[in-house]
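Step one of this worksheet: look at the structure below.
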Amino acid sequence: MKIQEVILCKYGEIILKGANRQNFESALVKELRRRASVHGTFKIYSRQSTIYVEPQDEFCDMDGMYEAAKCVFGIVGVNRAAVCEKNMDSIRAIAKEYLPSKLYGKRTFKVEGKRSDKTFPLTSPEISAEIGGVILESVRGIRVNVRDPEVTVTVEVREENAFIRAGQEPGAGGLPLRSAGRGLLLLSGGIDSPVAGCLMAKRGLEIEALHFESYPYTSERAKEKVMTLAEKMCKFCSRIHVHTISLTHIQEEIRDNCQEDFFTLILRVFMMRLAERCAREYKCDCLVTGESLGQVASQTLKAIAVTDSVVDMPVFRPCIGMDKNEIVIEARRYDTFDTSILPYEDCCTVFTPRHPKTQPKREEVMAELAKLDFDALMEEAYATMQTETKLVFESYK
Ligand code: ATP
Ligand code: MG
């Protein structure tokens, strides 16, 4: 018997009210369609809090599509299911054929019958009992455990078909990409900023990135590493325009004119102001950084208060309350960790002060900054901006 499989993507319903719900659903469907384009011809549509991803021919790469669906923000659960006709004969026959390989090696299971079509002749508990019987007959050694089963088999009788699936994997969660607007991520080559970008993308922000280099103090390879990171982030963020600005001259000017313990803070003022300008040009309504409270001298409360005060747009720091090991867990989840730990130099580590100010006052920083021709340096640095686009795959539009 040839069994037809579909991928079912479930999304949360909590925030789904009125028109919001439709926008949310269509954003998800759109993103899945874009992602599906490299895996074959699929029909993708939503019904009753589920998005159906149906292969249209035998050339479809179901495994690839399934993995792609797990990376789409806004989807809380993903599973593959066998399609049945809406009658018990078909459901029973397909359960017998489809489930043994899925349940192989498992010790306990339960069946959850669900019917949204109340005219279906069997009730949900009756469906569960029937299919439970089929499994006990066809899978050797497996037992029922309704309290704490190793696998839950779900039989759902819906509008047009019934679906059988074993288990469900978590999706990427969050809200659909782009549903919350656009933000500019300050992207370094470290562990924290790629995570910060992914966490905000998870809440629906489309991510644009800005990287500061300081050639020749930072190398071409350091920049390439950042580009690789942006590319890796695209697994979840789909598309990222990466802007690069050179801070070389600014850093030399700071080194030659300012008091050493303020070097990093003054540099960060420039970074924030350049980022704000870039954000406005590219229609981003917030900045995102990977700062974590107290992690380094420039991330004390007083230091963050200073860098925060020089821009006039929200600055999101999703890692602010996280320990390094928690950030690392996220970095592994988003698959950026292995790249982040490659050795590199960052502009922040060029000319680092021996005793950076940890309790800076805004006036002191501004007084140091006044020793430089701020506007001219801003103009000159901004003019060095170059842009590259990274995509989850080449044909992603
Ligand atoms: P990360 O691991 O993200 O590099 P970090 O712990 O090294 O962070 P800092 O170097 O103090 O911390 O940087 C704090 C934040 O400033 C980074 O998370 C990032 O958002 C931004 N940042 C630092 N260096 C750069 C850079 N070269 N280009 C763009 N943004 C940067
Ligand atoms: Mg860093």
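Counting starts at 1 for both ligands and their atoms, following the listed order.
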Task: Min heavy-atom dist E213 to ligand 1 below 4.0 Å - done: no
Task: Separation of E276 CD from M272 CE (nearest 0.5 Å) - done: 8.5 Å
Open item on the list: Return the CG to OG1 distance between D346 and T352, rounded to the nearest 0.5 Å.
Closed with: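 With rounding to 0.5 Å, CG (D346) is 10.5 Å from OG1 (T352).
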TODO: Salt-bridge test for E388 and K390: reply yes if a basic N is under 4.0 Å from a carboxylate O, no otherwise.
DONE: yes
- [ ] Inspect the contact between K110 and E112 and indicate whether a charged nitrogen and a carboxylate oxygen are less than 4.0 angstrom apart.
- [x]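 The answer is yes: the pair qualifies as a salt bridge.
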Quick one: does ligand 1 sit under 4.0 Å from the side chain of [X], the backbone, both or neither, non-hydrogen atoms only?
X	answer
S193	both
L187	backbone
L210	backbone

Can you list the atoms of ligand 1 that are under 4.0 Å from a heavy atom of [X]?
X	value
G290	17 (C), 18 (O), 20 (O)
D346	23 (C), 24 (N), 25 (C), 26 (C), 27 (N)
G190	1 (P), 2 (O), 4 (O)
T289	20 (O)
V296	11 (O)
S298	11 (O)

- [ ] Would you mind finding which of H243, Q295, Q299 brings a heavy atom closest to atom 11 (O) of ligand 1?
- [x]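 Looking at heavy atoms only, Q299 sits closest to atom 11 (O) of ligand 1.
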Task: Selection from L186, D192, I191 by shortest heavy-atom distance to atom 8 (O) of ligand 1 - done: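 Considering heavy atoms of L186, D192, I191, the nearest to atom 8 (O) of ligand 1 sits in D192.
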Assess the side chains of [X] and [Y]: does a donor N or O sit below 3.5 Å from an acceptor N or O?
X	Y	answer
S219	E345	yes
Q299	S292	no
R143	T108	no
R158	Y52	yes

Task: Test of proximity, F212 against ligand 1: N or O pairs below 3.5 Å - done: yes
Open item on the list: Regarding ligand 1, does K324 bring an N or O atom to under 3.5 Å of one of the ligand's N or O atoms?
Closed with: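 No: no nitrogen or oxygen of K324 is under 3.5 Å from one in ligand 1.
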Task: Ring-face cation contact, F120 with R115, 6.0 Å cut, 45° max - done: no
